[in-house]
Structures are given as structure tokens and as C-alpha cells.
Amino acid sequence: MSGPAAGTAERPLRIAIVGSGPAGFYAAGQLLGAGDPVVAVDLFERLPTPWGLVRAGVAPDHPKIKSVSRVFEKTAKRPGFRFLGNVDVGRDVTHEQLLSSYHAVLYAIGTPGDRRLGIDGEDLPGSHSATDFVAWYNGHPDYTELQFDLSPERAVVVGIGNVALDVARMLALSHTELAATDVADHALEALRGSAVQEIVLLGRRGPAQAAFTNPELLELADLELADVIVDPRDLELDEHSAAALDTADGTTRRNLDALVAYAGRTPAGRPRRIVLRFLASPVAIEGNDRVQAVVIERNRLVRTADGGLRAEPTGVRERLETGLVMRSVGYTGGPLPGVPFDARRGTFLNDAGRVLDPERGSPLPGVYAAGWIKRGPSGVIGTNKKCAQETTDRLLEDFAAGRLPEPSSSPDELLQALAAAGHELVDYAGWEAIDAYERALGEAQGRPRVKLVSRAELLARARG
Ligand SMILES: Cc1cc2nc3c(=O)[nH]c(=O)nc-3n(C[C@H](O)[C@H](O)[C@H](O)COP(=O)(O)OP(=O)(O)OC[C@H]3O[C@@H](n4cnc5c(N)ncnc54)[C@H](O)[C@@H]3O)c2cc1C
Ligand SMILES: NC(=O)c1ccc[n+]([C@@H]2O[C@H](COP(=O)([O-])OP(=O)(O)OC[C@H]3O[C@@H](n4cnc5c(N)ncnc54)[C@H](OP(=O)(O)O)[C@@H]3O)[C@@H](O)[C@H]2O)c1
């Protein structure tokens, strides 16, 4: 090969990152910061806007958490970085095209699907996945057309993770509390007319196995309009949970303390109630042409072969009337044409971030994964930093060992082909134009921003 070697200032190592959420941005920062080799990163994003779930997942009433985007903004300003928004990889460009244009492709596309309960009535009108509700209230352009009938007085949220608490809070916040946030305008309006007074959360296991974390549980107490209700009988630990408490982590202990405090409180008589229930699974959602009730079965905990605790039905059932069910039992990933997918785990097939050939079990040269699509849908924003580091370390290791294939064409040829096909890209300046516009609209209303929620509007603003 003639000319300068890859990885030098004259010919940087060219990396495509797909997905501009935390994992994609942390990976970009790590690669651009490598120094030797010199790296250029093109970051492809299917939306005209960056930040993944930091924009489309984190709850509107958690603005401080969203400020992590400042770290990503610094990465975007580094030499060698390009943001290529409004490009859906797998549709607008193929995996093969990326592989032939870059030394490596690193997927950080998240896991946007919802896990299913697998019970009767799950698809009745009035039964929604939290995934949809979250994307709707956060103004994700693919979800703005959804409709949520908020006329029932009782909502049932299935699951007791942090997303379930986000959903419960969003249903419980007052209009004044919400109006100070960047919640999408269509959701602000719909939630203003909500008749929901009681939000029942169902945990299939006990209070010592709750998936939510302590600050998120505690902040329920600060809601202007809602009391938090916990039945003290629900906190009586079974023998397994009690035995495990000695070695339990701080989160479990603090959660239990907070739950005991809630259970001991006299409700202040606020107009809304968040009711936390444990050892309760929905076994059917009933209704003729829309949700009318959830059938709930009481569980007990049994030990599994690996030492964990599993919920087992006891046969004791009750019927809870409701017109609104939010299923918040976790996210799941989907396949992308050409990239090996592990359907059981809902992630790309990988070993520590190296995507694997399913036939041979060995790494596919130049293909990597980070974030939720690598390890599954759990962990907070910061978890993705370490996760991305593991992947970028492998990538740089592979480069040093001569294991990255030399691309046969250039990124600019790829971008020219996209432009020739009439595809409209949003570059970082385009996003900055959107950002400035949204913030200016927000400032006039005393809000952090007013989100543009349609692709057409976002693209027009990026152009303008
Ligand atoms: C509702 C919710 C609330 C949360 N709140 C918090 C919180 O308050 N605090 C906290 O620390 N953590 C929170 N988390 C967790 C945190 O958001 C995740 O850990 C993190 O976002 C995962 O990062 P990621 O980059 O793997 O995926 P994502 O953030 O999902 O980013 C993936 C990106 O890839 C893009 N993409 C997908 N497919 C393609 C494609 N084919 N081509 C191009 N681009 C594509 C997506 O549009 C998206 O921008 C929350 C999670 C959820 C679901
Ligand atoms: N503020 C924040 O920091 C914040 C906010 C939102 C999200 N996040 C993070 O994002 C990640 C994803 O959150 P998540 O809430 O979607 O997932 P999660 O933490 O995995 O919680 C999923 C919940 O659904 C339950 N569940 C699963 N399958 C079920 C079934 N078939 N029937 C009944 N219940 C079922 C789980 O119970 P089991 O435990 O019994 O499986 C658990 O309570 C988490 O790591 C979370 O901490 C963080």
C-alpha cells in the first residue's frame, strides 16, 4: 500500500458510529481522544437530533440529568468529528456500505422495542407500552401521532423499575409542575385534561427486589398533587428476602426504609394517589373493545437454581377496574440487516463489544457494539461510558494488531451517493440551529426548551 499509514494526521483511522445516544457519544469521545492513532468519527443518527434517550427517554422533570449533553457537545466540537443526522442505517445506508467506507463500524443504536407480557388483552385499546408513552411525552417525532385516552380515573402501571416510576410521575404531576419542563406540547395539553386520580404500580416480586433506585422512590414524596400509598402488609418480607437482607446492597436497604416510611404515613388527602403494590402480576387484561379491568394474581417468591428469587403464582386472584394500562417491563433491541443478532437477549451478538460471526463464533472484523444494543436495556447514562470504553479499547487493540480491514471506498463517496439520492442530512450546525430555536421558544415561556416534534419542522429548522 502506498501513501501515509492509516491512523496518522494525514490519513486518520475512519470510524463510523451509529447512534448518537450516550454510548455513541462516549465512544466518539474516547476514540477522538486516543491521539495515537489519529481518529476521525462520523456519527450517524436516524433522527435529526442527537442524544438518544437523553432527549427522548429521560423524564421532562429531570432537567439536571439531561445536562450530561454538555459533555457530548464538547465531543462534537473536537476536530475529526462529524454528526450525520437524519440517516437511518439499515434503510438509508446499509451495513455493507458503511463497512466498505470505514475502517470500523461501531453500533450504539439502543434497544427501542418493548418487552411483552404475553397475557390476554395486552393489545386492547387502553393498554400501552411505557416505551410508546415515554417517546410520546418526550416529543420523539415517530410517536407524536399516538393517542392516550386519559379519561379513566385509575391507571395501572405494570413493573416497578425506574421507567415505571417515570410513567407514574408523569401521570401524577400537576399542570404547573409539567408546564415548567420540556415535555412535548401535545403531551402537556393531553395531560392537562387527564382524569387519572389513582396510579397503581404492580411489582411481580417483593419490595426487596424492586428495580427502582432510591432517589427516584424518594422523590415521589415531593409531588404537589399525589400521596404515595404502601400497604404495610406488603412489606412483610418472606423468609428468602429476609435472609438475603444481611448481604443486600445499599439500594435495597434504602428502598425498604423509604417504603416503610411511606407505609407509616397518613395520606395528606391530595387529589392523586400513587399506590405501590408487590407480589402482584397481571394475568389478563379484560374488556370488550377497550381495557376495563386487570386480573391480578398474588405471587410468592421461590428460589431458583442459580440462587435468585422468582415470582410464582399462588392462585389467589383479584380484579382491578381500570381503563388505562401502561406496561413498563423493560425495553428490547431489534435486528439491523447484515449485523448478527442474538434474538434471545435482544442484543447484537458480541463478546465484550466485538460483534461475532454466528457461524464461527469469532469476531467479525471491523464491527463493534456499545451501550444497550451490546449489553441489554439496563444501566444509567454513566454505565454506557465504561461499556463504550471496553468496546473502544477492543477496537483500538484490533487496529494495533492489524485486524481492521482497509476500506475500499471513502466516506465522502458514501455521503455524495446519499446526496445524489436526494437524501437530506442534518449536520451538527443544523442541530445547533434546532437547539437554539427550541431554547429561544422555551425561554419565552420559562421552560428549558419547547421541542419541535415533527421531522418536517426539525428539518426545516436545521436548513434555516
Ligand atoms: C424512559 C427512560 C428514562 C431514563 N432515564 C434515565 C435517567 O433519568 N438517568 C439515567 O442515568 N439513565 C436514564 N435512562 C437510561 C439511559 O437513558 C440509557 O442507559 C442510555 O440512554 C442508553 O444509551 P444508548 O446509547 O445505548 O442508547 P440510546 O440512548 O437509546 O441511543 C441510541 C441512539 O441510536 C439511534 N438509532 C437507533 N437506530 C438507528 C439506526 N438504525 N441508524 C441510526 N441511528 C439509530 C437512536 O435514534 C438513538 O439516538 C433512562 C432510560 C429510559 C428508557
Ligand atoms: N432516573 C433514572 O436513573 C432512570 C430512569 C429511567 C430508567 N433508568 C434505567 O433504565 C434501565 C431500564 O429501566 P426499566 O424500568 O425499563 O427496566 P428494569 O429496571 O429492568 O425494570 C423492569 C421492571 O419490570 C418488571 N418485569 C419484567 N417482566 C415482567 C413481567 N413479565 N411481569 C411483571 N413485571 C415484569 C421487572 O421485575 P423483575 O425485577 O421481577 O424482573 C422490573 O420491576 C434501568 O437500568 C433503569 O435504572 C434510570
Side-chain angles (χ1 to χ4, degrees), residues 16-27 43-59 61-62 64-66 68 84-93 95 98 107-112 114-119 129-131 133-135 137-138 140-142 157-167 169-170 201-206 209-213 215-216 219 251 278-283 299 301 308-311 327-334 336-337 339 369-385 387-388:
I17 296 180
V18 186
S20 67
F25 259 99
Y26 283 129
L43 201 160
F44 291 85
E45 166 58 54
R46 62 183 293 276
L47 295 178
T49 55
W51 319 150
L53 286 169
V54 173
R55 180 174 164 102
V58 172
D61 62 332
H62 283 171
K64 274 197 196 134
I65 292 172
K66 291 174 198 239
V68 67
L84 305 170
N86 197 37
V87 183
D88 191 330
V89 173
R91 192 193 63 185
D92 302 326
V93 299
H95 169 64
L98 288 185
Y107 286 98
I109 59 171
T111 57
D114 61 301
R115 287 184 52 203
R116 307 271 305 163
L117 286 171
I119 60 174
S129 71
T131 325
F133 185 57
V134 163
Y137 66 61
N138 275 318
H140 188 302
D142 295 349
V157 180
V158 184
I160 47 167
N162 281 328
V163 174
L165 290 191
D166 281 353
V167 167
R169 265 195 346 277
M170 287 303 292
L201 284 95
L202 299 180
R204 65 175 166 184
R205 296 191 292 161
Q209 292 80 36
F212 47 63
T213 41
E216 285 67 27
E219 74 179 315
T251 298
F278 299 95
L279 293 167
S281 281
V283 289
N299 296 324
L301 292 177
L309 290 174
R310 180 173 58 78
R327 308 179 312 264
S328 183
V329 296
Y331 285 61
T332 186
L336 189 142
V339 187
W372 279 18
I373 194 60
K374 165 184 165 187
R375 56 172 215 283
S378 75
V380 292
I381 293 165
T383 319
N384 301 292
K385 187 174 184 182
C387 173

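All values below were derived from every heavy atom in this structure, side-chain atoms included, with hydrogens, water molecules and symmetry-related copies excluded. Numbering of ligands and ligand atoms starts at 1, following listing order.
- Between the CG atom of D88 and the CG atom of L336 there is a distance of 8.0 Å, given to the nearest 0.5 Å.
- Checking only distances, N384 does come within under 3.5 Å of ligand 1, N or O to N or O.
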Verify side-chain contact (heavy atoms from CB on, under 4.5 Å) between L47 and R55, making sure each step is shown before the conclusion. CA-CA 11 Å; L47 295 178; R55 180 174 164 102; over 6 Å; no
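- Distance check: R327 CZ to L117 CG gives 6.5 Å after rounding to the nearest 0.5 Å.
- Between the CD1 atom in I65 and the CG atom in L53 there is a gap of 12.5 Å [rounded to 0.5 Å].
- Listed by number with element, the atoms of ligand 1 under 4.0 Å from a non-hydrogen atom of G371 are 26 (O).
- In this view, R205 satisfies the side-chain hydrogen bond (donor to acceptor under 3.5 Å, both in side chains) rule with no residue, not counting sequence neighbours.
- Of the N or O atoms in A23, one or more lie within a sub-3.5 Å distance of an N or O in ligand 1.
- Which parts of ligand 1 touch L336 is read off a 4.0 Å heavy-atom cut-off, strictly below it: atoms 41 (N).
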Go ahead and list the nitrogen or oxygen contacts between ligand 2 and the protein that come in under 3.5 Å, distances to 0.1 Å, or just say none.
from     : atom 1 : to   : atom 2 : distance (Å)
ligand 2 : 1 (N)  : E216 : OE2    : 2.9
ligand 2 : 15 (O) : N162 : N      : 3.4
ligand 2 : 15 (O) : V163 : N      : 3.1
ligand 2 : 28 (N) : R204 : NH2    : 3.4
ligand 2 : 39 (O) : R205 : NH2    : 2.9
ligand 2 : 40 (O) : R204 : NE     : 2.8
ligand 2 : 40 (O) : R205 : NE     : 2.8
ligand 2 : 41 (O) : R204 : NH2    : 2.7
ligand 2 : 43 (O) : I160 : N      : 3.1
ligand 2 : 45 (O) : G379 : N      : 2.7
ligand 2 : 47 (O) : N162 : ND2    : 3.0

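- Looking at residues two or more places apart in sequence or on another chain, you find no salt bridge (charged side-chain N to carboxylate O under 4.0 Å, His left out) involving K385.
- Applying the 4.0 Å criterion to heavy atoms of V18 picks out, from ligand 1, the atoms 42 (N), 43 (C).
- Scanning the protein for heavy atoms near atom 46 (C) of ligand 1, the closest one is E45 OE2, 3.5 Å.
- Distance alone, capped at 3.5 Å, places no donor-acceptor pair between the E216 side chain and the N162 backbone.
- For atom 6 (C) of ligand 1, the closest non-hydrogen atom of the protein is V58 CG2, 3.7 Å.
- Closest to atom 16 (C) of ligand 1, if we only count protein heavy atoms, is I381 CG1, 4.0 Å.
- The nearest protein heavy atom to atom 50 (C) of ligand 1 is not closer than 4.0 Å.
- Of all protein heavy atoms, the one lying nearest to atom 1 (C) of ligand 1 is G57 O, 3.4 Å.
- Closest of all the heavy-atom pairs between V58 and K66 is O-NZ, 3.4 Å.
- Counting heavy atoms from C-beta on, the side chains of F25 and S20 come closer than 4.5 Å.
- Ligand 1 does not have T383 within reach: every non-hydrogen atom of the residue lies 4.0 Å or more from it.
- Two residues are said to be in side-chain contact when any heavy atoms from C-beta on lie closer than 4.5 Å; Y107 and L98 meet this criterion.
- Here the closest heavy-atom approach between residue S328 and residue V157 is recorded as CB-CG1, 4.2 Å.
- Comparing heavy-atom distances from atom 44 (N) of ligand 1 across R91, K64, R46 singles out R46 as nearest.
- Here the protein heavy atom with the shortest distance to atom 34 (O) of ligand 1 is G19 CA, 3.2 Å.
- Here the shortest heavy-atom pairing between A16 and F44 reads CB-CE1, 3.9 Å.
- Closest to atom 28 (P) of ligand 1 among all protein heavy atoms lies L53 N, 3.9 Å.
- In this structure, F212 and F278 have perpendicular ring planes: the angle between them is above 60°, well past the 30° mark.
- Here the closest heavy-atom approach between residue A388 and residue A27 is recorded as CB-N, 3.8 Å.
- Atom 15 (C) of ligand 1 has G379 O, 3.5 Å as its closest protein atom, hydrogens excluded (heavy atom only).
- In this structure, atom 42 (N) of ligand 1 has a protein heavy-atom contact shorter than 4.0 Å.
- The shortest side-chain heavy-atom distance between I109 and R46 does not fall under the 4.5 Å cut-off.
- Taking all atoms of both residues into account, the shortest heavy-atom contact from L201 to I160 is CB-CG2, 4.1 Å.
- The atoms of ligand 1 that sit less than 4.0 Å from any heavy atom of G21 are 25 (O), 29 (O), 31 (O), 33 (C).
- Proximity of D166 to ligand 1, defined as any heavy-atom pair under 4.0 Å, is confined to the side chain (atoms from C-beta onward).
- Which parts of ligand 1 touch G52 is read off a 4.0 Å heavy-atom cut-off, strictly below it: atoms 29 (O), 31 (O), 48 (C), 49 (O).
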Take R116 and T332 through the side-chain contact (heavy atoms from CB on, under 4.5 Å) test and state the conclusion after the steps. CA-CA 10 Å; R116 307 271 305 163; T332 186; over 6 Å; no
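- Nearest non-hydrogen protein atom to atom 26 (O) of ligand 1 is W372 N, 2.8 Å.
- Nearest to atom 40 (C) of ligand 1 by heavy-atom distance, out of V134, V87, D88, is D88.
- The shortest heavy-atom contact between L43 and G19 is CD2-O, 3.5 Å.
- Contact annotation: for V163 versus ligand 1, heavy atoms closer than 4.0 Å belong to the side chain alone.
- Residue I65 approaches ligand 1 through these ligand atoms, each under 4.0 Å from one of its heavy atoms: 7 (C), 8 (O), 9 (N).
- Within ligand 1, the atoms closer than 4.0 Å to a non-hydrogen atom of Y331 are 1 (C), 53 (C), numbered from 1 in the order shown.
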Side chains of residues 371-381: which donor-acceptor partners sit under 3.5 Å, not counting sequence neighbours?
from : atom 1 : to   : atom 2 : distance (Å)
W372 : NE1    : S378 : O      : 3.2
K374 : NZ     : C387 : O      : 2.8
K374 : NZ     : E390 : OE1    : 2.7
K374 : NZ     : T391 : OG1    : 3.0
R375 : NH1    : N384 : OD1    : 2.8
R375 : NH2    : S378 : O      : 2.6
R375 : NH2    : N384 : OD1    : 3.3

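- Below 4.0 Å from some heavy atom of A108 lie the following atoms of ligand 1, by number and element: 32 (C), 33 (C), 34 (O).
- The closest approach between any non-hydrogen atom of T111 and ligand 1 is not below 4.0 Å.
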